[in-house]
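Working notes for the structure below.
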Amino acid sequence: MSNNAEKIDLEPQYDPKKVEDRIYKLWENSGFFNPDNLDSGKLKVEGGKKKKTTLNTPHSTFTIVVPPPNITGSLHMGHALNATIQDILIRKKRMEGYKTLWLPGTDHAGIATQNVVEKDLKKQGISRHDLGREKFIEKIMEWKEKYGNIILDQFKKLGASMDWSRTRFTMDAEYQKAVEEAFIHYYKKGWIYQGERTVNWCSRCQTSLSDLELEYKEEKGKFYYIKYGPLTIGTVRPETKLGDTALAVNPKDQRYKKYVGKDILIQSVDNSIPRDKPANPKEIHIRVIADDAADPNFGTGIIKVTPAHDHADFEIWQRHQEVPILKVIGEKGRMTDKAGIRYEGMKILEAREQIVKDLTELGLIERIEDYAHNISLCYRCETVVEPLLSKQWFLKMKELAELAKKAVESGKVKFHPERWKNIFLDWIENIRDWNISRQIWWGHRVPIEGETDVLDTWFSSALWPLATLGWPQSCDMKHETCDPKNGTDLKEFYQTQVLSTARDIINLWVSRMIFSGLEFMASPPFSDVLVHATILTKDGKRMSKSLGTGIDPMTLIEKYGADATRFGLIWQSMGGQDIHWAEEHVVAGRKFCNKIWNITRFILLKTEGNLDTNFIFPFKNEHGANAQLHYQLIALVQGVNEDIEKFDFGQALHSIHEFVWHEFADKFIEYSKTNEDRETKQILANTLLTTLKLLHPFMPFITEEIWSKLPIEDKKMLIIESWPEQESSKTNYIG
RNA sequence: GGGCAUUUAGCUCAGUGGUAGAGCGCUUCGUUCACAUCGAAGAGGCCGCAGGUUCGAUCCCUGCAAUGCCCACCA
């Protein structure tokens, strides 16, 4: 054997560095990432028989659109896991003979990107206002050219078999057309309106935010009891007192019945407050109204109504329009002139401090209690978000929500694990109109003459599965009228199959894609939503770059190789449970690579480079080691197929690992050292080939590399080799 | 205030109505020609707590606790 060792072109140890980039280039050059180069003719469509799977795949295509990462981002562990999962699905389906499309791209990420570039410019002492809108957007485009594709290159390092010829960006010219088309469509339907309402305002980003773009933090504050004439009101925000225009009590509250509908006299802290006709500048009148929003059991049972600075108060105002509205906090987070000369220009917290002092001096503070409550923060910069009266564009959600709800309830869209369906339903059933305008510069302009606002980033990403496939150019709004001559992608690949994503954007993104697809294409954009695990630190904490608790997947790939990294990620993905990240499983992955490598080495040496795969039933001994291993392999193939269809990737990988290492290597290979008959060698060869195929979606680089070194005639690349199907136990896989 | 998830070996996690499993770590032995990124053997668990159902529960039911995550306009 030692003579033949030289013929066997495998070093004793597997080195991913010598393999990965080279193999990736081979794949790219092969063109097999592009479905146009895949022949789906060999796909077996069993006559009328529906396979029992969770995937609804009646077509011969299999499509996944990648959740487009922000151009500001770099790959984090969540991306790496998600990309690996999608690659497993795509690679398996490709081997099964489907025309697979995995469509890559990036999101312009309005606020996030604007913030990053602004920060960058600030280092040079430049503000976006110095540049002006046009120049600033040019700067962003420059920035995008430089850094925007980093994350896509990182996907390549991970082995992602995406069709790069179809890479999309949400600010592409065609994509902008799609966004415009969608807006106009809604507008014509009367679902888009402009209105002055309280919105969530970030005073740092200088824009409104939707409810979903908020984060919450518990804050230990004070609860102030303030005298209003004969009454006492509790509040955590005494500075909004300056914007009070009414007091509300519950209509059933006997204590305050006599005040309802009457004006009461209160002392003002600043005689410059421009109220209506103050009889005495130091005293103002305020109306007491009855409204169910007041809970008699909370605080004193009285609400101070500040319509311009509180969502609930705004709703009260909508029911009692005789009440005036007074905007005392401005867009920059400072008190306005309406707050009075004494407070004008102060920041909110300064004003709060000052007014508490002033009220105390006037003897108007009854008492102060400690109080814990949630404050809202901007999800992009963590500034405290203010409810603020503002003129914005809104999209009516009633009918769109109903469409999406029906699709999910009827099972046209399935969530995996199923419990995430409830997250979607809770949101969609209590939905409010969507504030779709943002007061930033980077994004899709609201397509209305004279408008300076841009659209919410999520308005455009809601169209991702449509716009990336060519909508609306190739399609006249209705699925039936798609003209394949204009753009075959939409017709061929829509509806896509699996949408794999992190849980935190289920409503921000997934829900909105569902109703967009239903509205514009009359069918959901995907049949299955796979909500993957969240990767946490070993202590169960959130991975955070700023806290230094994040793990960089690129570091892992550098250290252990991409296959080992993928192994570690998938090994820990069991049933969608959160992952408390443990690097030792990547170590195990690297060891497993080496094991597979050496199993191959052994078999090539053993067979002297002549792989004999011509095994024919029956076995010489149906109860012998050869038969036993073969039947175990058949069971493995079936289990792995079932597990992947159920999205139990971790389970599938555990099964393969167990078989390869402990059954194949530890037992059978040891057995084969003393049993050198032809049948044993055939089983060795067949088992190797089948396990390489099974492993390819999980560990694509090493399996492709090994495959390329196997002495087999008329060999295809492993990436398009036939996937081991579940067949009867008396069938030969290979051949 | 609601809801969801988790709680099993030192660590990260599988698992089943009937003497508990993996990976990593640890101990001992092994320089046999695939692999020391290896092999063999081994130590190590009142399967969160308290009740209940059952002949029998880690697994089913109830309650509790701890941790994490979502949602909610209680001023």
Side-chain angles (χ1 to χ4, degrees), chain A residues 1-2 5 8 10-15 198 200 211-212 214-216 223-224 233-238 240 244 247-248 291 293-306 309-316 371 373-374 376 387 417 419-423 425-427 429-430 432 503-504 506-507 533-534 536-542 560-561 564 567-568 571-606 648 650-651 653-655 657-658 661-662 665-666 669-670 672-673 684:
Chain A
M1 262 201 290
S2 55
I8 310 306
L10 266 70
E11 294 171 10
Q13 290 188 342
Y14 174 65
D15 181 0
T198 50
N200 310 301
D211 293 342
L212 290 173
L214 305 180
E215 283 176 3
Y216 299 94
F223 199 72
Y224 303 88
I233 283 87
T235 183
V236 289
R237 302 197 54 189
T240 62
D244 289 348
L247 300 179
D291 194 285
D295 177 358
N297 298 319
F298 186 86
T300 61
I302 309 172
I303 301 178
K304 56 189 268 314
V305 182
T306 319
H309 300 292
D310 185 286
H311 299 307
D313 291 4
F314 182 77
E315 282 172 19
I316 294 175
Y371 189 71
H373 67 126
N374 281 332
S376 313
R419 63 174 182 274
W420 298 111
K421 183 167 103 175
N422 297 326
I423 300 292
L425 287 174
D426 283 353
W427 180 73
E429 283 166 4
N430 300 300
R432 303 204 294 186
R503 72 189 51 157
D504 51 349
I506 288 176
N507 290 325
T534 300
L536 306 168
T537 66
K538 207 161 189 168
D539 306 327
K541 300 272 162 56
R542 200 171 205 96
Y560 303 103
F567 179 100
W571 185 263
Q572 298 181 71
S573 303
M574 302 299 290
Q577 295 304 334
D578 287 351
I579 292 170
H580 290 195
W581 179 255
E583 190 166 312
E584 65 228 34
H585 301 299
V586 181
V587 174
R590 184 180 56 178
K591 288 167 72 169
F592 190 45
C593 284
N594 201 240
K595 193 70 183 178
I596 301 159
W597 187 258
N598 274 288
I599 286 171
T600 308
R601 230 174 138 248
F602 171 82
I603 292 174
L604 294 185
L605 291 169
K606 183 84 181 170
D648 282 339
Q651 186 55 252
L653 186 57
H654 278 254
S655 302
H657 178 271
E658 161 68 21
W661 201 305
H662 300 300
D666 288 350
I669 283 182
E670 291 307 314
S672 76
K673 287 177 179 173
L684 277 175

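Proteins get letters first, then strands, A, B, ... in listed order; numbering begins at 1 in each. These values consider heavy atoms only, across backbone and side chains, with no hydrogens, waters or symmetry-generated copies.
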Q: Determine, stepwise, if the pair A:His309 / A:Thr240 fulfils side chain to side chain donor-acceptor pair (under 3.5 Å).
A: CA-CA 7 Å; A:His309 300 292; A:Thr240 62; over 6 Å; no

What are the atom names and distances for every N/O pair under 3.5 Å that joins the protein to nucleotides 6-8 of chain B?
residue	atom	partner	partner atom	Å
B:rU6	OP1	A:Gln577	NE2	3.2

Rounded distance in Å - [atom1] ([X]) to [atom2] ([N]):
| X | N | atom1 | atom2 | answer |
| --- | --- | --- | --- | --- |
| A:Lys304 | B:rA75 | NZ | C1' | 8 Å |
| A:Phe602 | B:rC33 | CZ | C1' | 11 Å |
| A:Glu658 | B:rC24 | CD | P | 12 Å |

Q) With sugar-phosphate meaning primed atoms plus P, OP1 and OP2, does A:Gly234 contact a base, only sugar-phosphate, or nothing at under 4.0 Å between heavy atoms? A)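 If one applies the 4.0 Å heavy-atom cut-off, A:Gly234 turns out to touch a base.
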
Q. When we call it a touch if two heavy atoms are under 4.0 Å apart, what does A:Ile233 touch: a base, just sugar-phosphate, or nothing?
A.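 Touches nothing.
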
Nearest to side-chain heavy atoms of [X], which nucleotide of [options]:
| X | options | result |
| --- | --- | --- |
| A:Ala582 | B:rC35, B:rC74, B:rU12 | B:rU12 |
| A:Tyr371 | B:rA75, B:rG23, B:rU12 | B:rA75 |
| A:Gln651 | B:rC24, B:rA14, B:rU12 | B:rA14 |
| A:Thr235 | B:rA34, B:rU12, B:rA75 | B:rA75 |
| A:Lys538 | B:rC4, B:rC13, B:rC11 | B:rC11 |

Q) How far does CD1 of A:Ile302 sit from CG of A:Leu247, to the nearest 0.5 angstrom? A) 6.5 Å

Q) So, is A:His580 close to the B:rC13 phosphate, meaning a side-chain N or O under 4.0 Å from OP1 or OP2? A)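 Yes, A:His580 has a side-chain N/O under 4.0 Å of OP1/OP2 on B:rC13.
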
List every contact pair, protein side and nucleotides 36-39 of chain B side both N or O, where the distance is under 3.5 Å.
residue	atom	partner	partner atom	Å
B:rU37	O2'	A:Asn594	OD1	3.4
B:rU37	O2	A:Arg590	O	3.3
B:rU37	O4	A:Gln13	OE1	3.2
B:rC38	O3'	A:Lys595	NZ	3.2
B:rG39	OP1	A:Lys595	NZ	3.2
B:rG39	OP1	A:Trp661	NE1	2.5
B:rG39	OP1	A:Asp666	OD1	3.3

If the condition is side-chain hydrogen bond (donor to acceptor under 3.5 Å, both in side chains), which residues does [X] pass it with, not counting sequence neighbours?
| X | value |
| --- | --- |
| A:Asp426 | none |
| A:Ser573 | none |
| A:Lys538 | A:Glu584 |
| A:Asp666 | A:His662 |

(Q) Holding to side chain to side chain contact (heavy atoms under 4.5 Å, CB included), I want the full list of residues that pass it with A:Lys421, two or more places apart in sequence or in another chain. (A)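 A:Lys421: side chain to side chain contact (heavy atoms under 4.5 Å, CB included) contacts with A:Val408, A:Phe415, A:Glu418, A:Leu425.
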
Q | ring-ring contact (aromatic ring centres under 6.0 Å, His included) partners of A:Tyr14, counting only residues at least two apart | A | A:Trp597

Q: Kindly write out the residues that satisfy ring-ring contact (aromatic ring centres under 6.0 Å, His included) with A:Tyr560, not counting sequence neighbours, or none if the list is empty.
A: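 None.
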
Q | Secondary structure of RNA chain B in dot-bracket form (Watson-Crick or G-U wobble, distances below 3.5 Å, | marking inter-strand pairs) | A | (((((((..((((....[..)))).(((((.......))))).....(((((..]....))))))))))))....

Q: Mind checking salt bridge (Lys or Arg N to Asp or Glu O under 4.0 Å) for A:Asp578 and listing every partner two or more places apart, or none if nothing turns up?
A: A:Arg503

Q: Heavy atoms only: give me the nearest A:Ala294-A:Gly301 pair and the separation to one decimal.
A: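 Heavy atoms only, the tightest pair is CB-O, 3.9 Å.
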
Q: Kindly indicate, with the supporting measurements, whether the criterion ring-ring contact (aromatic ring centres under 6.0 Å, His included) is fulfilled by A:His585 and A:Phe567.
A: CA-CA 7 Å; A:His585 301 299; A:Phe567 179 100; 8.4 Å; no

Q | Residue whose nearest RNA chain B nucleotide is more 5′ - A:His657 or A:Arg419 | A | A:Arg419

Q) Do side-chain atoms of A:Asp310 reach the backbone of A:Asp313 as a donor and acceptor pair under 3.5 angstrom? A) yes

Restricting to nitrogen or oxygen on both sides, can you table the protein-nucleotides 70-73 of chain B pairs closer than 3.5 Å?
residue	atom	partner	partner atom	Å
B:rA72	N6	A:Asn374	ND2	2.7

